[in-house]
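So the structure is just underneath, and the comments pick up after that.
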Amino acid sequence: MSTTLSASTPTTLTSPRMSAELSLRIYDLMLRARVLEERLISMYKQGEGYFWIGGPGEEAFNVPLGLLVDKGQGVDHDYMHLHYRSSGTLLALGADPIDSLRQMRNVSTDPYSRGRNFAGHYSVRAWNVVPVSSPIEVQFSMAIGTARAQRKGTGAKGITIVQGGDAGSAEGDFATALVWSSRKGHELPLLMLVTNNRWGISTAYEGQHGYSQIADRGKAFGMPTAVVDGNDPEASYAALHKAIDYVRTEKKPYLLEAMVSRLRGHSSASGANIVKGEVDCVERYEQTLEARKLKTRGECDELRARYAQELLDASKRIANEPAPEPSTIWDHVFADKNLVGGE
Amino acid sequence: MSTTLSASTPTTLTSPRMSAELSLRIYDLMLRARVLEERLISMYKQGEGYFWIGGPGEEAFNVPLGLLVDKGQGVDHDYMHLHYRSSGTLLALGADPIDSLRQMRNVSTDPYSRGRNFAGHYSVRAWNVVPVSSPIEVQFSMAIGTARAQRKGTGAKGITIVQGGDAGSAEGDFATALVWSSRKGHELPLLMLVTNNRWGISTAYEGQHGYSQIADRGKAFGMPTAVVDGNDPEASYAALHKAIDYVRTEKKPYLLEAMVSRLRGHSSASGANIVKGEVDCVERYEQTLEARKLKTRGECDELRARYAQELLDASKRIANEPAPEPSTIWDHVFADKNLVGGE
Amino acid sequence: MPSMIQAIRMALHVGETRHGVTDIFGEDVGPPLGGVFTGTQGLKTAWNTPLDERGIVGMAIGLALAGQKPIAEIQFCDYAFNTIDLLKVAGNLCWASGGDWNVPMVLMTPVGAGIRGSMYHSHSFDAQATRIPGWKIVMPSTPLDAYGLLLSAIKDPNPVMFLMPKALLRVKSKAGEEIPGAPLDDKVLGQLIDAPLGDRTSWAPQWPPLEDYYVPIGKARVVREGTHVSVLSYGRNVPMALAAADELAADGVDAEVIDLRSLHPYDWDAITASVTKTHRVLCVNEDTEITNFGEHLIRRICEELFYELYAPPKLLAGAAIPGIGLADHLEMASVPQKDGIKTAIAELAAHEP
Amino acid sequence: MPSMIQAIRMALHVGETRHGVTDIFGEDVGPPLGGVFTGTQGLKTAWNTPLDERGIVGMAIGLALAGQKPIAEIQFCDYAFNTIDLLKVAGNLCWASGGDWNVPMVLMTPVGAGIRGSMYHSHSFDAQATRIPGWKIVMPSTPLDAYGLLLSAIKDPNPVMFLMPKALLRVKSKAGEEIPGAPLDDKVLGQLIDAPLGDRTSWAPQWPPLEDYYVPIGKARVVREGTHVSVLSYGRNVPMALAAADELAADGVDAEVIDLRSLHPYDWDAITASVTKTHRVLCVNEDTEITNFGEHLIRRICEELFYELYAPPKLLAGAAIPGIGLADHLEMASVPQKDGIKTAIAELAAHEP
Ligand SMILES: Cc1ncc(C[n+]2csc(CCOP(=O)(O)OP(=O)(O)O)c2C)c(N)n1
Ligand SMILES: Cc1ncc(C[n+]2csc(CCOP(=O)(O)OP(=O)(O)O)c2C)c(N)n1
Ligand SMILES: [Mg+2]
Ligand SMILES: [Mg+2]
């Protein structure tokens, strides 16, 4: 029932060679995502935003995720309960990076939170991307609900995907998702993703967990589990493809753990500077593509420079977009007539 | 690492024959506990108390538990975080059954809660029995704290024992105890006990769980786990003995699940009447002892009658003990000067 | 006449048959029990959850996000305090997403003392609930209001908390408060919709031809008109206050009793009208008295109607202690009782500036 | 002069070296970080927990039951709302057991807005905290009070919540508010006890010869004496209120500013003395304004001191909305600011009955 691709083994070799077209598409999105995060970090450092948190180091896993989901609104498409490192997934879904810059600037044109929430806190109802909530792991308790709306017998075509970090799996909500999704005879079409960067802010993975892999926790619940090298986009694509197919056809849960990097530390609170000794999935994939003669170093550099310039221009374009009006704090407390207190 | 005594196999035969003396001691306590619960139920039915909940059907497991713990106050003795079916354990520890009658009557002489809490909500600081709290499973989150005070290196001789039901294991607190007790290099001397009666009030075990045995959930955490027939006092004694020895010597966690009966339903809310089709551990053990020529039917009946009479007399003795004074609601809000609000 | 719990069950039936309710769930909510207070017996969408309140609330949020209409129950509000963060999330997703998403869920939970529930079956939830922005909060004191408020809650596009006053669940409708479509005769109704004792595997309810009836969220009800004192209350304390007021009428004290019914949003117009008439205010509820919703009402009344007041406004609420004791004396001393309400009204009425 | 966060760190050091503190723990509390606000750097009993607030609170309760002296941190109070049930248990074990057990734990957590923390790093906790019986609750507004209140909390046999006003953690002591035994020079103190940036594996703090100093729990501090208006506040709003009052002095408005310091038990004597002197009351705090602790104070003042009031008492608090928005405008509009406090004081002072 349980497959394990160890994070150490060179899974690129074991996984079937991907088409050149798809490889290049994935690379392009990984690069766009990386450049977006770098722009957001510079904006933070230049005082154009108050706080940065994001996904440099998770692109090789999050981009394939965005490419593989069934995008759309409602139960016939996939629900995504993501956390705050999902820029790669959003870009792969087709999000315009300028909107991330807007959220970083907390301007009223920010489509994700109207200047209310931190960078990386996406919300796109049209694509079933539920609002990213800062409290760690609550998405695992909410995901069982969208998954139930898609359970076997409903005829719904979509599945639910929930993603969180390694440290967050210590919260009871992670166990809630395991327990509720695997109830015998009531299994839920829920794909649980743990992006394991071996850190929770400053706290190392070592010494905080009793199992070697978080994915092991799924085994007692009788669900398939896997661990994948999240720095390898092709292995990640294959592992996600397999997991999503299983959940969609079986309408049952699956737990997939991806070993990823944290290239800029936890957030701007820890400086957002480059961290040494972590695998850079974009660089590594560029080397793969060079080896396969699909890209040259020069093309990669040129592409990176172009995307960087585009985002710099974009950040200038939005420089004068208005901040939200103070009175807007009262908007959307309720979905209907906005009646706070009593009138 | 993991031993499993299936609930179905006749574990009495597999477990080494127990000394006659110990067998009779266990039987005597099981019978006293059963008779106590029956007295409490009659008191409830006669309007001498508002609510009953207790442990008929768990004596074969809870009595051995009480006999095996290292009783006393402080970290050099075992802490017990029990739930509301633990009368067998308390009697085995040496509790006077009349105090349970007092709590049932909610009189001011109730030493466990001063007339404040429901029957079966014990608290004995002198014996490290922490107050039983009605909220299911919170004891699993608190138990890690007493266990940490006894961890390897502290020199403390005691261990921590926490007990809950099968349905309650769905709460995040159960996972909290698994995660925190098994952290590599920081393991805790924690014995987790699940008394599985296959019910949560009216909700059957089937269809609520993804594993066949709750004990399986411990395996991912690298801790020893076992399942024992909790209707068999000798198998239970052996399983508890093994588990307690392991935790005490290794200072590491252990998860033990006992398959038990629920002979009177969930509580007085469901009538507290005799439930058919459940194994009665007291009757079954009486047959074993008869077969071994350690007791005759007549002796058993006579003993039961005597204990019943003693408790009936006891209930009469306390009939006129005073209810707590209304003003006592303000007592013990704080351990020092009782200052509520501001004066 | 139907009891409040029967009224709730009938509203849930109307909800799942006519108003798109897809899931009614919680611990022991489904068959065979149908709820520890029988509120969910015989409902076709009722199911039993694992024993995990965080999962129950999360499940409701997720179902609502997926466009379903979930009704989740927390068996006793005493057991909802491990989910406050999730209730806050349910209340903030619409705001956080700038109106992109909404969370049309109903959470129902029994509250309050009065059944000798001891420490963990006597909690109130009104103070905690009114501290969670983004929620509408209602609490009936009669079967008809329970029916009409629950149907309004089901139709609402926001998270709505339906607080069930435990001590009133078995109290029956009074004349003039018939549930439209429900038979008046207790026996008849019971035979139609109450599950039998014992084996229920072959039982099915026969629902009467119930009609829609809505109590708008945000509108109070004047239970008793009066001119001397305004008693602002809700839930279990409303009939108590009414009885106290009726008894005082003999002594010439004419108290007005207002059942807020909605705690958020609440009916400020009704409060203003009453206070400007009586000039004396008593707030009564069972929740602990430090940082209590009645204190919000009194604070606002003092800020906006100060010169209307001929006497210090008074709060009668639960003692600020860690629990409600099991012994009768203890419970009586811990939450408002009729005599205490009577004394408070009389003192306010007698008070001259 | 030391900042509040340094004062807290020094009190924790005194606690673990002289007053039996055995465990200081929470997320990122131990090495290498020593707390997201540096509050636990260099402490010998500080350790990192799993990311599980329920485990953190449960761990503290268990350690306290086992006779240890735990100090648990919830990284931001915004993340304590999944533990309210456990906080209630911590507050009820002594009462539930009729005094058999007590729970001598300290829970510290940063609260409030002012650091552009957006929806989940701006919550207040005072209203929620004062709703949990069995707890003592303190909140400093100066480094010295932080030092003295934390040492009192450590000595207390009950659960004590130590609320850390986020926006004041880096504010330094004023002259006359020296921490006994701490060097006055910032640089010197920083070199002794602040962890260096970068690699800290070989770093160890050098603690100054700190002396015990206690601020009794339950005693308020008159921050500014005045005769026209009583401003009752705590935490972040105290320096704001003081600044507002000082500015108003020019216009001849003489406001008294009281820092409650203890929210439970609170200093009713100090409040009474001030209100009977000024006859005008303004309560200021950042928590949401429906079912707010300031409303409790106003309710009690109205009940007991009604005829002392020459003006309607006023509450200035956080807007009753689901969160505090990131954009500056939004945060400013959501919680009290100096100018709003100034206006409120001036209006109260100008008010004639
Ligand atoms: C419930 C909760 N507790 C604490 C925090 C503060 N916090 C934000 S991120 C984080 C670490 C998360 O680590 P992990 O789950 O591994 O995700 P990662 O950031 O490493 O991707 C913490 C403790 C939070 N946001 N929510
Ligand atoms: C947190 C919480 N939720 C709900 C309840 C109500 N309740 C009391 S006992 C019970 C069932 C417990 O089942 P299990 O854990 O199997 O223990 P058992 O009673 O079967 O021994 C429930 C739901 C509670 N006491 N606490
Ligand atoms: Mg991580
Ligand atoms: Mg059970």
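All heavy atoms count here, side chains included; hydrogens, waters and symmetry mates do not. Below, chains carry the letters A, B, ... as their sequence lines are ordered, and counting in each starts from 1.
Inter-residue side-chain proximity for A:Trp52 and A:Met104 is flagged as met; some heavy-atom pair is nearer than 4.5 Å.
Only the side chain of C:Asp23 comes within less than 4.5 Å of a heavy atom of chain A; its backbone N, CA, C and O stay farther away. Contact of A:Val162 with chain C is not made at all, since no heavy-atom distance falls under 4.5 Å. With a 4.5 angstrom heavy-atom cutoff, A:Val124 touches chain C only via backbone atoms. Of the two parts of A:Ser133, only the side chain, counted from C-beta on, holds a non-hydrogen atom closer than 4.5 Å to a non-hydrogen atom of chain C. Contact annotation for A:Val75: only side-chain heavy atoms (C-beta onward) come within less than 4.5 Å of a heavy atom of chain C. Proximity to chain C (any heavy atom under 4.5 Å) is shown, for A:Ala149, by both the backbone and the side chain. For chain A, the nearby parts of C:Ile56 are the backbone and the side chain; heavy atoms of each come within less than 4.5 Å. Contacts of C:Leu86 with chain A are made by side-chain atoms alone, with heavy-atom separations under 4.5 Å and no backbone atom involved. Contact of C:Asn158 with chain A is made through the side chain alone, with heavy-atom distances under 4.5 Å. In this structure, chain A has a heavy atom under 4.5 Å from the side chain of C:Trp47, while its backbone stays farther away. When heavy atoms are compared at a cutoff of 4.5 Å, C:Lys88 does not approach chain A at all.
Using a 4.0 Å cut-off between charged side-chain N and carboxylate O, C:Asp259 and C:Arg221 make a salt bridge. A salt bridge links C:Lys277 to C:Glu256: at least one charged side-chain nitrogen sits closer than 4.0 Å to a carboxylate oxygen.
Contact count against chain A (heavy-atom pairs under 4.5 Å) is highest for C:Leu93 among C:Leu93, C:Val103, C:Thr272, C:Thr130. When each of A:His81, A:Arg125, A:Gln150, A:Gln73 is scored by its heavy-atom pairs under 4.5 Å with chain C, the top score falls to A:Arg125. Here A:His332 is the residue among A:His186, A:His332, A:His121 with the most heavy-atom pairs under 4.5 Å with chain C. Heavy-atom pairs under 4.5 Å with chain C were tallied for A:Asp331, A:Thr176, A:Thr328; the largest tally goes to A:Thr176. The choice from C:Asn102, C:Thr22, C:Asp52 that makes the most heavy-atom pairs within less than 4.5 Å of chain A is C:Asp52. Most heavy-atom pairs under 4.5 Å with chain A: of the set C:Gly67, C:Gly98, C:Ser262, this distinction falls to C:Gly98. Of the listed residues C:Pro50, C:Pro133, C:Gly134, the one with more heavy-atom pairs under 4.5 angstrom with chain A than any other is C:Pro50.
There is a side-chain donor-acceptor pair under 3.5 Å between A:Asp70 and A:His77.
A distance of 6.0 Å or more separates the ring centres of A:Tyr122 and A:Tyr84. Taking the six-membered ring for Trp, C:His264 and C:Phe293 have ring centres at least 6.0 Å apart.
Listed by first and then second residue, the side chain to side chain donor-acceptor pair (under 3.5 Å) pairs involving residues 56-74 of chain C amount to none (not counting sequence neighbours).
In this structure, C:Lys136 satisfies the cation-pi test against A:Phe334, with its NZ or CZ atom closer than 6.0 Å to the six-membered ring centre and inside 45 degrees of the ring normal.
Using a distance-only test at 3.5 Å, with no hydrogens or angles considered, no donor-acceptor pair links the side chain of C:Asp145 to the main chain of C:Val215. In this structure a side-chain-to-backbone donor-acceptor pair under 3.5 Å is missing from A:Gln103 to A:Ser100.
Counting heavy-atom neighbours within 6.0 Å of A:Glu325 CD, excluding the residue itself, gives a total of 12 or less.
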